[in-house]
Structures are given as C-alpha cells and as structure tokens.
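Single-structure report; data block below.
Bear in mind the structure is a predicted one, so any value in this text is a computation, not a measurement. Chain A is the first sequence line, chain B the second, and so forth, proteins listed ahead of strands; every chain is numbered from 1. We use all heavy atoms of the structure for the numbers below, so side chains are in, but hydrogens, waters and symmetry mates are not.
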Protein chains: 2
Amino acid sequence: MTANPYRDSSGKTLTDYERPSVAVDTAVLTLDDERGLVVLEVRRPDDGQWSLPGTFLHAGERLADAVARSLKDKANVDGLHPRQLHVFDDPKRDSRGWVLSVAHVDIVRSERLGSRFDGTTRLMPAGARHRLPHDHRKIIKQAVDYLRARYEGRPDPDHLLGDEFTILQLRQAHEHVAGRPLQRDWFRRTMEPQLIPTGAMSSGTRGRPAELFRRRPPG
Amino acid sequence: MTANPYRDSSGKTLTDYERPSVAVDTAVLTLDDERGLVVLEVRRPDDGQWSLPGTFLHAGERLADAVARSLKDKANVDGLHPRQLHVFDDPKRDSRGWVLSVAHVDIVRSERLGSRFDGTTRLMPAGARHRLPHDHRKIIKQAVDYLRARYEGRPDPDHLLGDEFTILQLRQAHEHVAGRPLQRDWFRRTMEPQLIPTGAMSSGTRGRPAELFRRRPPG
DNA sequence: GTAATAGTGTCTATCAGACATTATAAC
DNA sequence: GTTATAATGTCTGATAGACACTATTAC
C-alpha cells in the first residue's frame, strides 16, 4: 500500500472531518506603579463586553502571527513575543459554534502599551474579580502563574526594565510580578552574580547613589 | 448595536474563515526495568513509519477524548489521563495540508500497556535518536522535561507503583524518571513525610525486609 | 557465620533569612 | 549636622549531602 498524503490511515480525506474554528486569546500584562500586575483588556465593538484581545486564526497563519494581528487591530499594540499557555477545547465554550482557543501570555514595559486605543482598551489589575467572558479569568491566572515561575531567580527575563537598572528597581519589578515583598539581602545576593556592573551610578535619588547594572548574558 | 453570536467583530461568519485540521499526538511513557523511560510508538499502516500515536480531532470532540480514541484504536491502550504540552502550528509541518497538532503526555505503569498490539506498536527509549516524523522528537523531549519537573519532590504522583511500595521501589521509579541516581538518605527524608507506613513488610527480598508505605493524601 | 539491604544518627558545607554596620548622597 | 538609601559583614537556623553505625533478613 502506498502512502497517499491527502488521506489519513482510515482512508478519509482531511475535508471529510468537520474542523473547529481556532482562536487565540492573549493576556498582555504590564506593571503599574500603584496597582502591580495589570492586564490589557479590549472592549468588543458588537456587545461592549470587556475581554482579552483575541481573534480567529486565518488560513495558513501561525498562532503567534494571529496574536500579533489581534493586538495590533484591537489595541494598537505591537512588537510582542507571546508564549502559549493552554488550549481551551470545551465544544460549548463559545456560543458562536465549535471554537478552540489557544491562550497566550506576554509581559511588556508599560511604555510599549502607550499607543493603545483610548476608549476601547483598559488595564485592569490581574487579580481583579470582574466579569470576563469564556475562560478569560483562567487564562489570566495561568498567565500570572507562568510569569511568577519565569521570574523566580532570573533578573527580569522579559525586559520590563531597560538595559541598565539599579538593584532596587530590579527588586521592585520582581516584587510586582511576585505579588509580595522580597527579602532585600537575599535578592541582591542571588541576582548580583547574574548582573554586570556598569560603573555608572544612579542620580537624583534621596540617599546614597546606587550602582547601575546590566544583565549578564547567559552562559 | 445588538450582538450576533454567529458573527465576529469584523462581521464575518465563522464559516467565512478557512479552518485548520486539528490533530493530537501523544507521548505515552512508561518505565522499563532495563532501559528506563520508554515511549510508545505505533507503526502507520499506510507507509510503515513509526511515530507517536495521534489522530485528527472529530467534530465536537474534546482533545482528551481524541487522545483516548487514538490510543485505543492504534495501540489498544486505554484508561489514560493525558495532559497538554504544546501546539505545533507550522502550516507546512504536515505534507497533507494545514494541520495544527496539540501534543500531549502521559505516563503509566507498564502493565497498563500489556494489551498493546504486537506488531504495530513498540516501546523505544525516550532518549533514542531514531527517525520520527514531524515534531515528534520535540514532543518526547517536552514530555520528559514535564515529567521530571512533576516528579521532583513528590512521591510518584502518576502511580507508576501500586498503592503500597517500599522506599527503595519508590526511589528506583524516581531515578528512572529523573534519568540519574538519587541520593539515598536525602530521598528517604524528603519522601517519608509525604508517606504513611502501612505496618506491613516486604518479603522475599535479599536483606532486611523494608516497610511498605502508601501515599499521604495531599493537605 | 557472611552478604545484602533497611533504617537511624551525626557531621559538614551551603544558604535563606535576619540584623547590624558602614558609606555616600540629598536636605 | 539629619535623613535616606546603598552596600557589606556577620550570625543563625534549616537542610542537602555524605558517611557511619545498627538492625534484620537470606544464604
């Protein structure tokens, strides 16, 4: 028996199967000085419901490209590098039909969201218990869990800070991600081996100026 | 404006979009006394190629159900509880067309694979570098990484052993998953608080009989 | 008896956590 | 000078890792 690339092993062609629509939904997080971790939400034009930005996958499109497109179209945000979290596959989860949704996460400097639309986007605390459609609350929880694990022990892997920063700035970013205060001495001692001092000093601060560091390239 | 549940925000209906086929592929792992972690492979009837068992998602089907169906049909194995790993989404990854594949992992006692088909299934070491289609090597690597993280510090969470076992049996199972020897004293001391002694003893062994334990219910 | 494995005791090096001290800026 | 923050030093309690010793079986 020769292989027919357009048939699977049961002999059916691909189009013999009904196929699901595939969507992407993305939790875009950033830090807010007062509120800590906040998540980007967009208002749907049809029913006014706030939700995570998402879209249907277009023909032949990569998931990451669909995420980028949805963020550009619905929030006017670009340049992100989303990572997959989970596929939500309950056939009844979307009233519009059979829709699989691949949840994604990314976190960016808040300035990267400066271009976002005014009236149709907002930033809400990641822990807020307000109304969201479908599985979006679960997505946010998974996104936060993912980031907390990712940030443990590594100096700001997603560049929430610029290339140079003081250890205080680094610790405050990590505390916002972790959602709890971190021990000052221990934080410095675990991070410093992974940093390179620049020699330059911070200025305009209250007490003794702090040294500026940059991330040590892994390896 | 009222919401139309059968249109998305751009006004297209769901059927206006081309949809991908969605497949599942599963790395089913078990322990082999000699070879350590081994993975279940099936031979495709059309071209004789060995690969991870997989199938296309049927209309309205859950991913976990498709995994269960593929394992029953292609390997005569059932009763598994697969977990998602990753979606492979390269539009050109499958020569038969546009196919997204959701990779899954599970690990079971080897007796659970006792019913598997003779000529069309085999167990191969998870680290073997033999030829596999598509992204199946990546799936196995992710599966092993997932299980190693899952087994760290917890006594056999996926019940590779029965309800009762000695600490030696437990350590050997963990060593096979970890792919390296584990320290005897430390292993006992971290595991024992998570175990309940049954009072019964192992018998028929070489040296002093070992006490049998069962897992302590979490909490 | 010997060999083999189970289980326990103890020492050490490491490290998270806490606290104290010194250094250097703004005011 | 005082106040605030940075940076460093030191102590302590917990624990991974190593080793030794005792206990109990098969042979």
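Once rounded to the nearest 0.5 Å, the distance linking CD1 of Ile140(B) with CG of Leu37(B) reads 11.0 Å.
Ion pairing between a basic and an acidic side chain is recognised when a charged N comes within 4.0 Å of a carboxylate O; Asp32(B) and Arg35(B) show such pairing. Salt-bridge formation is not detected for the pair Asp156(B)/Arg150(B): no Lys NZ or Arg NE/NH1/NH2 atom is positioned less than 4.0 Å from an Asp or Glu carboxylate oxygen. In summary, Arg148(A) and Asp145(A) do not engage in a salt bridge, as defined by a charged side-chain N under 4.0 Å from a carboxylate O. The pair Asp78(B)-Arg69(B) does not count as a salt bridge, with every side-chain nitrogen at least 4.0 angstrom from each carboxylate oxygen.
Once you apply a 4.0 Å limit to the heavy atoms of chain A, the touched nucleotides of DNA chain D run 5' to 3' over dA4(D) to dT10(D). You can see that DNA chain C meets the heavy atoms of chain B within a 4.0 Å-exclusive cut from dA4(C) to dT10(C), reading 5' to 3'.
In this view, Arg122(B) and Glu41(B) satisfy the side chain to side chain donor-acceptor pair (under 3.5 Å) rule, not counting sequence neighbours. Every side chain to side chain donor-acceptor pair (under 3.5 Å) that Asp135(A) has, sequence neighbours left out, goes to Arg93(A). By the side chain to side chain donor-acceptor pair (under 3.5 Å) test, Arg112(A) pairs with no residue at all, sequence neighbours left out.
For Thr30(A) and Arg109(A), the side-chain atoms include no donor-acceptor pair closer than 3.5 Å. Between the side chains of Arg43(B) and Thr120(B), no donor-acceptor pair of N or O atoms lies under 3.5 Å.
Comparing Ile167(B) and Arg206(B) by the nucleotide of DNA chain C that holds the closest heavy atom to each, the one mapping nearer the 5' end is Arg206(B).
Residues from residues 177-199 of chain B that place a heavy atom under 4.0 Å from any atom of DNA chain C, listed by number: Arg184(B), Asp185(B), Arg188(B), Arg189(B).
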